[in-house]
Amino acid sequence: MKKQMLLAAMSLAILSAYAGAAPADKSADQALKPAAQQTQAAVWASRVLSRYHYKATPLDDAMSEKIFDRYFKSLDAEKLFFVQADVDKYADAKQKLDDAIVGENLQLPFNIYNLYQQRFAERIAYARELLKTKPDFTLDESYQYDREKAEWAKDEAEVRDLWRKRVKNDWLRLKLAGKDDKAIRETLDKRYANYMSRSRKLNNEDVFQIFMNAYAMSIEPHTNYLGPRASEQFDIQMRLSLEGIGAVLQSREDYTVIREVVAGSPAGMSGKVKVGDRIMAVGQGDNGPLTDVLGWRIDDVVALIRGPKDSTVRLQMLPADAGPDGKPVTIALVRKKISMEEQSAKKTIMEVRDGAVKRRVGVISLPTFYMDFEARRKGDKDFKSATRDVARLLAELKKEKVDNVLIDLRNNGGGSLTEAVELTGLFIDRGPVVQQRSAEGKVEVESDTVPGLAWDGPVGVLINRGSASASEIFAAALQDYGRGIIIGEPSFGKGTVQTLINLDRFGQGDKARLGELKMTIAQFFRINGGTTQLRGVTPDIKLPAIADADNFGESSYDNALPYTVIKPAVYIPAGEVKDIVPLLEKKHQARVAKDKDFQYLVDDINYVKKQRKENMISLNETVRRKERDQQEQRAKLREARLAAAPSPDDPILVPDPKEGLKQAVSAKPAGAKAAKQAAAVKGASRTDDGLQGDERSLAAELEAEKAAKNAKDVLLNEAVHILADEVGLLKTDTRLASRVLPYTPDR
């Protein structure tokens, strides 16, 4: 998570509600400079952070040194561009970044960035020059592929050697995948040219946001600066709705490509927008001029396509099946409100055989704790809310007579604190949910005040290292109340509360766009007085940990707030699970010991952990071919397992009756279904092809994603088994049931 706000392998954007951005038109040699509004934003951000942050820290020389170190690492996280001399060149500036902010002169951090761009261009030019030679793969050399914790290269010779090995590894991967030298040179030259092209599209807003995040995150890991465009995107993610045409875009070379069309959206309903279509120009209204967008940044293209509901946008596109010299087509679409259903709560029902009977477990997947704050404030009765969606799904599961419910919060990084409290209220009959302590030490208790429960039966929560913040509040509350079984791996460990502060209120003039601060203002505590900070939520039943705790999670940050405890809140436990957990654990261990899929997963996890720990890869072709053969053998074992008939003990997905009509309408011949299954098997076992995402065809990339999505979810299946076991125990032991369940509904 350390780099996720600054680095991304691929930019995806959903077309939505804003228009008027200009393209990045910076030439290769043009130095970037700070804008006047950015110097204002920096000053006001510093005043807010130094006075009102939970861990209020003065902007002084000591803070300047922290910003300096974090800024350099943010720009060059893998230590591949700067050398030690570059860092030393600005040694005198270590204690001057605070003065740059307060004095409203940000040229210093921009000078550092401009040096980075210079070094970037030099390294890429050297990499492309290396392609004219041919590496010697008989040497016993190794390449360190993760250099985040490495030292800066001491000189130019060392950094060139790093790039020589990087290019050699890129070449070897393609060679092992069957490419000849000519194809390898063409692929890598194009790849490195694309690196340079993307780098040149960065603008002063990007640089300012990187610098301000170096400042904000030097105080505490979850404090961030959001530039105007990032702030808008954050708001969209929280409300899960936008006004646009309903398409997902992706940059591929110089084109902006349609990656996905949202069903029921203007793009989908038109029948004229297809996956793979390439956008060449964008026009506003019925007659506005078309603006050529070839080579633009994707967010600039998105900004042109976004606009108010019921307004018209025109797209000039090169159809997916047309060649580069094909004839473009122009279509007009009327923007509408689009609901991002892919990020909404969803339900499925899984059936597990338990002797002669079947147990039905309802699974609710919740990707984020979303809420449309503005719609709720305005009194919109249909405002988007995670709690409202889950309550509706629970009502449906009741009608479908499920025996148990599993809330899947894996990789749910949080969201609205209000939603976490209200969602907990669906499973308890009033009472405290979480405690908040302000910077002044004042403790407030957030409680569920709505009587009654949406679900009064047994419940489980599935978490992993990616479950953070609001997810941890919900899981911890259900655990403290004895209301449910927590399954998975220890959660992220984020026990802090953030708020958004719009800096525009401090700007000069009505048109000031200074961005926002997402700032930590409080720490939350469990109702038992403990906190999830650093330690996270510990599951009642642990599943294999996939994440690397040393590099992912709160404990991986060097400036995380410490673990501490406060006085417990007054609450009455709703149930007691300590008697049933050992029984479930025993059944779990016996089952996974015989489950080949589970053991394969454990083997894979151990293999990845071993690779992470070694952090070195051989550049000797003979050694790498041997490793590749071993990987292919592992893949064949997986293929054979996937091709085999499913175990009768595997949970079975119960078809949703509401999907019946859709399936009938879109039914395909049996051959197509078999081909899809074969593609899923192939995708799940695919060995390294040496390519990056945008170097594969869009069709191949989407097919691989489908295969991964359809692959068997071993951990989810085991969690469902555990909850089915719980149902069996509760139905056969009334004494146990009376302790575990706060209510005794007729089930």
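All values below come from the heavy atoms of this structure, side chains included, with hydrogens, waters and symmetry mates left out.
The salt bridge (Lys or Arg N to Asp or Glu O under 4.0 Å) check on R147 picks up nothing, with sequence neighbours excluded. Considering only residues two or more places apart in sequence or on other chains, V565 meets the side-chain contact (heavy atoms from CB on, under 4.5 Å) condition with Y563. Residues forming a salt bridge (Lys or Arg N to Asp or Glu O under 4.0 Å) with E554 (at least two apart in sequence, or on another chain): none. Judged as a side-chain contact (heavy atoms from CB on, under 4.5 Å), and not counting sequence neighbours, the contacts of A391 are L426. The side-chain contact (heavy atoms from CB on, under 4.5 Å) test applied to D540 returns Q479, I485, I486, V581, not counting sequence neighbours. Residues passing the ring-ring contact (aromatic ring centres under 6.0 Å, His included) test with F598, sequence neighbours excluded: none. In this structure, Q630 has no side-chain hydrogen bond (donor to acceptor under 3.5 Å, both in side chains) partners at least two apart in sequence or on a different chain. In terms of the ring-ring contact (aromatic ring centres under 6.0 Å, His included) criterion, F524 has no residue partners (sequence neighbours excluded). S385 is linked by a side-chain hydrogen bond (donor to acceptor under 3.5 Å, both in side chains) to E419, counting only residues two or more places apart in sequence or in another chain.
The pair K347-E396 meets the salt-bridge criterion, with a side-chain N (NZ, NE, NH1 or NH2) lying under 4.0 Å from an Asp/Glu carboxylate O. Here R359 does not pair with D403 in a salt bridge; the nearest charged N to carboxylate O distance is not below 4.0 Å. Under a 4.0 Å N-O distance rule, the pair D713/R410 qualifies as a salt bridge. With respect to D480 and R526, a salt bridge is recorded, a charged nitrogen being found less than 4.0 Å from a carboxylate O.
A donor-acceptor pair shorter than 3.5 Å cannot be found between the side chains of R625 and N620. A donor-acceptor pair shorter than 3.5 Å can be found between the side chains of N551 and K149. Side-chain polar atoms of N528 and Y571 form no donor-acceptor pair below 3.5 angstrom. Checking T496 against Q523 by side-chain atom types alone, no donor-acceptor pair falls below 3.5 Å. Residues S365 and D408 have side chains that never bring a donor and an acceptor to within less than 3.5 angstrom of each other. Checked by atom type, the side-chain pair Y607/Q631 shows a donor-acceptor distance below 3.5 Å. The closest side-chain donor-acceptor pair between K384 and S344 falls under 3.5 angstrom.
Between V459 and L478 there is a side-chain heavy-atom pair separated by less than 4.5 Å.
Applying the ring pair (Phe, Tyr, Trp, His ring centres under 6.0 Å) test to every pair with at least one member in residues 345-366, sequence neighbours left out, gives no pairs at all. Within the structure, salt bridge (Lys or Arg N to Asp or Glu O under 4.0 Å) pairs that include any residue of residues 602-612 comprise D604-R634, D604-R638, K610-E614 (at least two apart or interchain). Evaluation of the salt bridge (Lys or Arg N to Asp or Glu O under 4.0 Å) test over residues 579-593, restricted to residues two or more places apart or in two chains, returns D579-R739, R591-E718, R591-D725.
Remark: the backbone N or O of E400 is paired with a side-chain donor or acceptor of R360 at under 3.5 angstrom. Of the possible polar contacts, none joining the Q533 side chain to the P562 backbone as a donor-acceptor pair under 3.5 Å is found.
Using the six-membered ring where Trp is involved, H222 and Y557 have ring planes that are perpendicular, over 60° apart on the 30 and 60° scheme.
Smallest separation of non-hydrogen atoms from A468 and F492: CB-CB, 3.5 Å.
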